[in-house]
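See below for the structure under consideration.
What you see below is based on every heavy atom in this structure, not just the backbone, and it leaves out hydrogens, waters and symmetry mates. Start at 1 with the first residue, then count along the sequence.
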Amino acid sequence: MNLLSPDKSNMILKKYHLSNKLLIPGLLLSYGLNEIVSIDNKYKRIGINFVNYSNIINIGFHSYVSTSAIISDYIKPANLSKGLRASSFGLHALAICGLCRYFKKNK
């Protein structure tokens, strides 16, 4: 399994299709939980944070695998493809870390 080409791994594609089914329900759950104005219980806050961070990681993973599939389909030169895959991986990792950090700051 190559980290830069997840669209060529059957195991990752199975996880990708499972994550596809969790996108909208997870976002709706996250939206609903964040509409609760006053959260006094520490354990409820931990649960809400878990749902939100899970959604961030799920969306980032889904986007990364989708982008990798697009690169495989449309970019044929090997050197350009490798460069785009590396930049896609880096930018998706940066976006996930940035969203988690932003969410942690604005609790």
Side-chain angles (χ1 to χ4, degrees):
M1 177 179 71
N2 188 356
L3 189 62
L4 294 179
S5 56
D7 57 321
K8 296 177 183 174
S9 169
N10 286 334
M11 180 185 71
I12 291 180
L13 285 177
K14 285 180 184 178
K15 293 186 187 309
Y16 169 78
H17 290 297
L18 176 66
S19 76
N20 186 28
K21 294 175 181 134
L22 298 174
L23 283 174
I24 293 177
L27 289 174
L28 292 174
L29 179 64
S30 181
Y31 178 75
L33 290 174
N34 284 322
E35 286 299 310
I36 299 172
V37 177
S38 63
I39 301 169
D40 297 331
N41 192 342
K42 169 177 116 172
Y43 298 108
K44 286 182 184 176
R45 177 53 59 207
I46 290 172
I48 292 171
N49 286 342
F50 176 76
V51 169
N52 289 329
Y53 288 127
S54 298
N55 282 330
I56 291 170
I57 292 169
N58 187 20
I59 292 170
F61 169 74
H62 195 271
S63 174
Y64 175 62
V65 175
S66 298
T67 305
S68 179
I70 291 170
I71 291 172
S72 292
D73 289 344
Y74 295 108
I75 309 297
K76 296 304 177 192
N79 292 336
L80 181 60
S81 176
K82 285 181 184 179
L84 287 174
R85 287 179 187 280
S87 66
S88 173
F89 179 75
L91 290 173
H92 278 91
L94 184 67
I96 290 170
C97 291
L99 284 170
C100 288
R101 186 173 179 188
Y102 173 79
F103 181 73
K104 184 178 178 184
K105 260 175 129 174
N106 294 327
K107 283 194 232 181

message: Which residues pass the side chain to side chain contact (heavy atoms under 4.5 Å, CB included) test with Leu91, not counting sequence neighbours?
response: none
Shortest non-hydrogen contact between His92 and Gly60, atoms and distance: CD2-O, 3.8 Å
- prompt: Is the backbone N or O of Gly83 less than 3.5 Å from a side-chain atom of Ser87, with the two atoms forming a donor-acceptor pair by type?
  reply: yes
- request: Please report the shortest heavy-atom distance between Ser68 and Asp7, naming the atom on each side.
  value: OG-OD1, 2.8 Å
- line: Heavy-atom closest pair (Ile56 atom, Cys100 atom, distance to 0.1 Å) is CG2-SG, 3.9 Å
query: Side chains of Thr67 and Arg85: is there a donor and an acceptor less than 3.5 Å apart?
result: no
- prompt: Nearest 0.5 Å, what's the CG-CG distance between Leu4 and Leu84?
  reply: 11.5 Å
- prompt: Which of these passes side chain to side chain contact (heavy atoms under 4.5 Å, CB included) with Ser19: Ile59, Asn58, Ile57?
  reply: Asn58
field: Minimal non-hydrogen separation, Asn49 against Phe103, with atom names
entry: OD1-CE2, 3.4 Å
statement: For Ile12 and Val65 the tightest heavy-atom approach is CG2-CG2, 4.0 Å
- prompt: According to the interplanar angle, ranging from 0 to 90°, do the rings of His62 and Tyr16 count as parallel (below 30°), tilted (30 to 60°) or perpendicular (above 60°)?
  reply: parallel
- request: Scan residues 56-83 for pairs that pass salt bridge (Lys or Arg N to Asp or Glu O under 4.0 Å), counting only residues two or more places apart or in two chains.
  value: none
task: To the nearest 0.5 angstrom, please state how far the CG atom of Leu29 sits from the CG atom of Asn55.
output: 7.5 Å
field: Within residues 12-29 or reaching into it, pairs that qualify as salt bridge (Lys or Arg N to Asp or Glu O under 4.0 Å) - sequence neighbours excluded
entry: none
message: Counting neighbours of CD1 on Ile46 that are heavy atoms of other residues, nucleotides or ligands and sit closer than 6.0 Å, is the number greater than 12?
response: yes
query: Should we count CZ of Phe89 as having more than 12 external heavy atoms under 6.0 Å?
result: no
task: Step by step, work out the side chain to side chain contact (heavy atoms under 4.5 Å, CB included) result for Tyr31 and Leu27.
output: CA-CA 6 Å; Tyr31 178 75; Leu27 289 174; over 6 Å; no
query: Phe61, Leu22: one ILVMFWY side-chain cluster at the under-4.5 Å cut-off?
result: no
